[in-house]
Colleague: 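What follows is a structure written as structure tokens; I'll ask about it next.
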Amino acid sequence: MAPFGARSQLRIEWQLPCTGATAYWTPNTNARWLPPSWAMPREASLPKGAPVGSLIGAGDRALCTFAVGELVRPVTIGEGAVEETGRFAWWTEHDGPRSSLRLDLTGRHYADTIRESADWWETLAPVRTVPDAAFEPVFCTWYALHLAMAAPDVERLAALAAPLGFRSLIVDDGWQTDERSRSYATTGDWRPAPTDFPDFAAHVGRVRALGLNYLLWHALPFVGDRSDAAQELAGHTLAHLPQLETHLLDPRSATVRAHQVERLAAAVEQHGVDGLKVDFVDTFARKPAPGAPPNTASPEADCATVAEGVQKLLAELDARLRATRPDVLVEHRQDYLGPGLWPYATMVRAADCPHNAVENRVRTADLRLTAGPLAVHADPLTWHPGESPEQIAVLLQSVLFATPQVSVDLGAQDAGQLAALAFWLRVAEEHRELLQRGELRPHRPELAYPLIEAARGRQLAFGRYAPLPVRAHGEWELLLVANADQDTLVRVEFDRVPGPVELLVQDCRGGEVARAQTPVAGTELAVRVPTGGLLTLRR
């Protein structure tokens with residue numbers, strides 16, 4: 001084993017008066033209340049989280065936003081209000097001997113300061129261009145089928161998805177096993193299920209012929225208890241996870257990396273898929289439960305930290321995939337979202353939150369602030385077969401500023417449900433540059449973002465999730481308001497008299513409700529917009 005040598009711990013501390021503070025933002029998507037200084041510190045490393053945070057005051061003003069310039073190794077972060085002094089205290093600690101810390105005390109909108117922290121990270125490590133395909137709508141099999149799927153089931157849904165505007169298909173957990181139970185005992189071999197997917201390359205070809213990119217799920221850290229690979233990789237694991245029926249692999253082992261790269265690359269090289277959904281990377285950052293034995297280590301470990309091993313694994317996999325398909329698509333997921341992962345992914349998805357519009361909205365907005373060049377994807381939207389078209393539209397509006405993913409049985413949807421889905425997919429496609437690449441400002445984090453806006457050039461877009469006015473600022477030519485609230489009286493406030501505007505109101509299916517050339521002599525316009533509907537203003 002290569003000698004790693006001793007490393008010193010470098011600690012940085014700072015404090016500010018905790019005056020006017022209303023929220024505390026971290027990329028972990030948790031409660032935004034101010035934590036106490038005695039709360040457990042968090043750890044950010046390449047497999048999990050990101051070393052950034054923002055103390056927010058009234059008007060969404062950042063009192064202090066910080067970011068650490070360590071992209072791979074673990075950074076421990078303490079942050080919270082000190083009850084004895086009324087100050088807010090921070091400390092960061094990680095392996096020395098050097099550290100870079102960025103503090104923003106400018107008092108601007110917190111989203112701008114967090115986004116600029118992500119821009120700073122881009123100067124510290126190489127990033128690559130993300131293909132446009134990463135920003136296009138995705139149909140995922142998970143909530144629609146779970147593990148009960150075979151090639152004909154996938155192909156049926158793919159044939160229904162393509163005409164609606166989906167451009168990629170993710171085949172999730174289940175392709176590698178004929179079992180139906182939720183277990184990871186068969187992970188690690190990564191070969192198509194012999195009964196359910198007898199000719200995988202031909203199946204992939206049929207889906208791709210529909211005009212869909214094909215992405216295939218893999219759980220990167222796992223080698224299951226009933227897999228052939230479990231014996232091959234014995235002694236190269238960090239822990240056994242009995243509840244999941246799998247071992248957690250040690251990425252510091254060259255044997256582990258060679259096996260995983262060979263098996264995951266087969267999806268592209270042998271089966272012809274366009275990309276991978278790489279799942280559970282954050283499990284590499286797992287801490288043993290209290291009283292449990294510490295994680296074991298492979299005798300082949302060739303770097304000091306698991307995080308560095310994960311980077312080696314992803315870099316080797318990336319090089320292998322790109323040798324066959326330079327524009328390969330790779331999905332990562334919250335909570336592995338930090339800048340150290342950017343070179344090895346094209347999109348990052350919100351963590352699982354089925355049926356939860358609010359959580360999906362908050363998670364995708366959070367990811368947009370720290371994702372750098374990556375496309376941000378919603379957790380797949382799913383709904384009961386009896387759901388109304390209005391509420392399906394609200395689900396899509398909740399992730400308006402991210403790449404939509406959907407996972408329902410499309411064959412079970414009625415005409416109204418399909419019309420709502422198709423309409424909002426068209427909106428996402430038509431305004432992709434504004435919605436997904438515009439400068440994002442999610443408002444009032446302590447209230448779960450009741451209003452979100454994006455700006456790009458002379459275009460503005462708003463997601464309205466509570467009965468709040470929309471404030472249009474600056475010179476604009478296009479203004480969109482997606483009304484996801486039950487209050488249908490949408491008030492638009494202008495910072496100057498806009499003059500005549502062309503107004504279009506559409507319902508949740510895209511049907512025209514109102515169209516007019518409207519003179520606006522004052523600085524406010526009130527318009528009835530149905531729940532799930534869209535207001536479009538042009539001038």
Colleague: Is the backbone of Pro385 close enough, under 3.5 Å, to the side chain of Gln417 for a donor and an acceptor to pair up by distance?
Modeller: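 Yes, the answer is positive, given that a donor and an acceptor are paired below the 3.5 Å cut-off.
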
Colleague: Can you give me the closest heavy-atom contact between Leu337 and Gln334, atom names plus distance?
Modeller: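 The pair with the smallest heavy-atom distance is CD2-CG, 3.7 Å.
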
Colleague: If we count only N and O atoms by modelled type, under 3.5 Å, do the side chains of Thr195 and Asp178 hold a donor and an acceptor together?
Modeller: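 Note: Thr195 and Asp178 side chains meet the donor-acceptor criterion.
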
Colleague: Suppose the criterion is side-chain hydrogen bond (donor to acceptor under 3.5 Å, both in side chains): which pairs have a residue in residues 148-169, not counting sequence neighbours?
Modeller: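 For residues 148-169, and leaving out neighbouring residues, the side-chain hydrogen bond (donor to acceptor under 3.5 Å, both in side chains) pairs sorted by first residue read Glu155-His203, Glu155-Arg206, Arg156-Asp409, Ser168-Asn213.
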
Colleague: Would you give the length of the straight line joining atom CD of Gln311 to atom SG of Cys303, rounded to the nearest 0.5 angstrom?
Modeller: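 Spacing of CD (Gln311) from SG (Cys303) equals 9.0 Å.
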
Colleague: Main chain of Pro299, side chain of Arg252: is a donor-acceptor contact present, judged purely on distance under 3.5 Å?
Modeller: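 Between the backbone of Pro299 and the side chain of Arg252 there is no qualifying donor-acceptor contact (under 3.5 Å).
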
Colleague: Ignoring hydrogens and geometry beyond distance, is a side-chain donor-acceptor pair present between Trp217 and Asp279 at under 3.5 Å?
Modeller: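 Yes, a side-chain donor-acceptor pair sits under 3.5 Å.
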
Colleague: List the residues meeting ring-ring contact (aromatic ring centres under 6.0 Å, His included) with Tyr143, not counting sequence neighbours, and say none if there are none.
Modeller: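 Checked Tyr143 against ring-ring contact (aromatic ring centres under 6.0 Å, His included); zero matches.
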
Colleague: Just verifying a value: how many Å separate Thr246 OG1 and Asp225 CG, rounded to the nearest 0.5 Å?
Modeller: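 The distance works out to 6.5 Å.
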
Colleague: Yes or no on side chain to side chain contact (heavy atoms under 4.5 Å, CB included) for Tyr449 and Arg361, after CA distance, side-chain angles and deciding distance?
Modeller: CA-CA 8 Å; Tyr449 302 147; Arg361 176 175 81 233; 4.3 Å; yes

Colleague: Hydrogens and angles aside, do Gln413 and Trp383 bring a side-chain donor and acceptor to less than 3.5 Å of each other?
Modeller: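 Side chains of Gln413 and Trp383: pair found under 3.5 Å.
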
Colleague: Quick one: are Thr305 and Pro74 in side-chain contact, heavy atoms under 4.5 Å?
Modeller: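 Side-chain contact under 4.5 Å: yes.
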
Colleague: For Asp132 and Arg437, what are the C-alpha separation, side-chain angles and deciding distance, and is it a salt bridge (charged side-chain N to carboxylate O under 4.0 Å, His left out)?
Modeller: CA-CA 11 Å; Asp132 286 343; Arg437 289 189 168 113; 3.4 Å; yes

Colleague: Is there a side-chain contact between His377 and Val138 (heavy atoms, below 4.5 Å)?
Modeller: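 Yes, side chains in contact.
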
Colleague: Once you round to the nearest 0.5 Å, how far does CD of Glu331 lie from OG1 of Thr346?
Modeller: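 Separation between the atoms: 8.5 Å.
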
Colleague: Which atoms form the tightest heavy-atom contact between Val376 and Ala371, and what is the distance?
Modeller: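 Minimum heavy-atom separation between Val376 and Ala371: CG2-CB, 3.5 Å.
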
Colleague: Please confirm whether the backbone N or O of Val72 pairs with a side-chain atom of Glu308, one donor and one acceptor, at under 3.5 Å?
Modeller: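 No; zero donor-acceptor contacts below 3.5 Å.
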
Colleague: Side chain to side chain contact (heavy atoms under 4.5 Å, CB included) between Phe423 and Ile392: does it pass, once the steps are laid out?
Modeller: CA-CA 11 Å; Phe423 171 61; Ile392 291 171; over 6 Å; no

Colleague: Check whether the side chains of Thr237 and Asp250 place a donor and an acceptor atom closer than 3.5 Å, and report yes or no.
Modeller: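 No - no donor-acceptor pair under 3.5 Å links their side chains.
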
Colleague: Any Lys/Arg nitrogen of Glu439 or Arg456 sitting under 4.0 Å from an Asp/Glu carboxylate oxygen of the other?
Modeller: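 Arg456 and Glu439: not salt-bridged.
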
Colleague: Check whether NZ of the Lys or CZ of the Arg Arg11 lies under 6.0 Å from the centre of the six-membered ring of Trp91 and within 45 degrees of that ring's axis.
Modeller: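 Output yes; distance and angle both within limits.
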
Colleague: Without hydrogens or angle criteria, can the side chains of Thr255 and Glu300 be said to hold a donor-acceptor pair below 3.5 Å?
Modeller: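 A pair is found: one side chain offers a donor N or O, the other an acceptor, under 3.5 Å apart.
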
Colleague: Consider side-chain hydrogen bond (donor to acceptor under 3.5 Å, both in side chains). Of Asp379, Asp282, Asp352, which one does Arg333 pass it with?
Modeller: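 So the option named by the test is Asp282.
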
Colleague: Please check if the side chain of Thr177 supplies one atom and the backbone of Gly174 the other of a donor-acceptor pair under 3.5 Å.
Modeller: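 Not a single qualifying donor-acceptor pair exists.
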
Colleague: So, the side chain of Arg368 versus the backbone of Leu440: is there a donor-acceptor pair under 3.5 Å, distance only?
Modeller: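 No.
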
Colleague: Evaluate the criterion side chain to side chain contact (heavy atoms under 4.5 Å, CB included) for residue pair Val348 and Trp342; output intermediate values, then yes/no.
Modeller: CA-CA 9 Å; Val348 59; Trp342 292 351; over 6 Å; no

Colleague: Give the minimum heavy-atom separation between Leu276 and Ala267, together with the two atoms involved.
Modeller: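 The pair with the smallest heavy-atom distance is CD2-CB, 3.8 Å.
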
Colleague: Between Glu70 (side chain only) and Arg73 (backbone N and O only), is there a donor and an acceptor less than 3.5 Å apart?
Modeller: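 Between the backbone of Arg73 and the side chain of Glu70 there is a qualifying donor-acceptor contact (under 3.5 Å).
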
Colleague: Can you name the nearest heavy-atom pair linking Gly338 to Ala50, along with the distance?
Modeller: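 Smallest heavy-atom distance, with atoms named: CA-CB, 4.1 Å.
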
Colleague: I'd like to know if the side chain of Ser398 reaches the main chain of Val394, judged simply by a donor and an acceptor atom lying under 3.5 Å from each other, with no hydrogens or angles considered.
Modeller: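 Confirmed, Ser398 side chain pairs with Val394 backbone.
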
Colleague: In terms of ring plane angle, is the pair Phe222 and Phe280 parallel, tilted or perpendicular, where the classes change at 30° and 60°?
Modeller: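 Because their plane-to-plane angle lies in the 30° to 60° range, the rings of Phe222 and Phe280 count as tilted.
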
Colleague: Look at the rings of Tyr214 and Phe200 and say which category their plane angle falls in: under 30° parallel, 30 to 60° tilted, over 60° perpendicular.
Modeller: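 Because their plane-to-plane angle is over 60°, the rings of Tyr214 and Phe200 count as perpendicular.
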
Colleague: Quick one: which of Thr92, Ile12, Val52 gives a side-chain contact (heavy atoms from CB on, under 4.5 Å) with Val68?
Modeller: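 Going through Thr92, Ile12, Val52 one by one, the side-chain contact (heavy atoms from CB on, under 4.5 Å) with Val68 is satisfied by Thr92 alone.
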
Colleague: Throw together a table of side-chain donor-acceptor distances under 3.5 angstrom for residues 424-431, partners on residues two or more places apart or in other chains.
Modeller:
from   : atom 1 : to     : atom 2 : distance (Å)
Trp424 : NE1    : Gly532 : O      : 3.2
Glu429 : OE1    : Arg432 : NH2    : 3.0
Glu429 : OE2    : Arg432 : NH2    : 2.6

Colleague: Starting at CG of Leu169, measure out to SG of Cys140 and round the result to the nearest 0.5 Å.
Modeller: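 So the CG of Leu169 and the SG of Cys140 are separated by 8.0 Å.
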
Colleague: Return yes if some donor-acceptor pair links the side-chain N/O of Thr141 with the main-chain N/O of Asp172 below 3.5 Å, else return no.
Modeller: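 Yes: the side chain of Thr141 pairs with the backbone of Asp172.
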
Colleague: Keeping the roles fixed (side chain from Asp189, backbone from Asp228), state whether a donor-acceptor pair exists under 3.5 Å.
Modeller: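 Such a contact is found between Asp189 side chain and Asp228 backbone.
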
Colleague: Pairing donors with acceptors under 3.5 angstrom, does anything connect the side chains of Asp95 and Gln9?
Modeller: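 Present: a donor and an acceptor within the cut-off.
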
Colleague: Is any NZ, NE, NH1 or NH2 atom of the basic residue among Arg182 and Asp173 found under 4.0 Å from an Asp or Glu carboxylate oxygen of the other?
Modeller: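 Judged by the 4.0 Å cut-off on N to carboxylate O distance, Arg182 and Asp173 do not form a salt bridge.
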
Colleague: Taking only Lys NZ, Arg NE, NH1 and NH2, and the carboxylate oxygens of Asp or Glu, determine whether Glu269 and Arg325 approach each other closer than 4.0 Å.
Modeller: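 No, Glu269 and Arg325 are not salt-bridged.
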
Colleague: Quick check: closest heavy atoms across Val127 and Glu122, and the distance to 0.1 Å?
Modeller: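 Nearest heavy atoms, Val127 then Glu122: CG2-OE1, 3.7 Å.
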
Colleague: For a quick check under 3.5 Å, do His94 and Ser99 share a side-chain donor-acceptor pair by atom type?
Modeller: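 Per modelled atom types, His94 and Ser99 side chains form a pair under 3.5 Å.
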
Colleague: Answer whether the closest heavy-atom distance between the side chains of Val406 and Pro380 falls below 4.5 Å.
Modeller: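 They are not in contact (no side-chain heavy atoms under 4.5 Å apart), so the answer is no.
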
Colleague: How long is the straight-line distance from CD1 of Ile452 back to CZ of Phe401, given to the nearest 0.5 Å?
Modeller: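 Answer rounded to 0.5 Å: 6.0 Å.
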
Colleague: Would you call Arg42 and Asp335 a salt bridge, using N to O less than 4.0 angstrom?
Modeller: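 No salt bridge links Arg42 with Asp335.
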
Colleague: Check whether any side-chain N or O of Tyr110 sits under 3.5 Å from a backbone N or O of Pro442 as a donor-acceptor pair, and report yes or no.
Modeller: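 Side chain of Tyr110 to backbone of Pro442: a pair is present.
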
Colleague: Would you call Arg115-Asp119 a salt bridge at under 4.0 Å N-O?
Modeller: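 Answer for the salt bridge query: no.
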
Colleague: Considering non-hydrogen atoms only, spot the tightest contact between Ala44 and Gly49 and give its length.
Modeller: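 Looking at all heavy atoms of both residues, the shortest contact is CB-C, 4.1 Å.
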
Colleague: I'd like to know whether Trp175 forms a ring-ring contact (aromatic ring centres under 6.0 Å, His included) with His218, so could you lay out the CA-CA distance, the side-chain angles of the two residues, the decisive distance to 0.1 Å, and finally the verdict.
Modeller: CA-CA 10 Å; Trp175 67 272; His218 292 77; 5.2 Å; yes

Colleague: Would you call Val171 and Phe139 a side-chain contact if the rule is heavy atoms closer than 4.5 Å?
Modeller: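 No, side chains not in contact.
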
Colleague: Going through the distances and angles, do Leu249 and Leu238 end up as a side chain to side chain contact (heavy atoms under 4.5 Å, CB included)?
Modeller: CA-CA 6 Å; Leu249 293 169; Leu238 293 168; over 6 Å; no

Colleague: To the closest 0.5 Å, what do you measure between CG (Leu46) and NZ (Lys312)?
Modeller: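 The CG atom of Leu46 sits 13.0 Å away from the NZ atom of Lys312.
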
Colleague: Any salt bridge linking Asp274 with Arg208? Criterion: basic side-chain nitrogen under 4.0 Å from a carboxylate oxygen.
Modeller: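 Yes, charged N to carboxylate O under 4.0 Å.
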
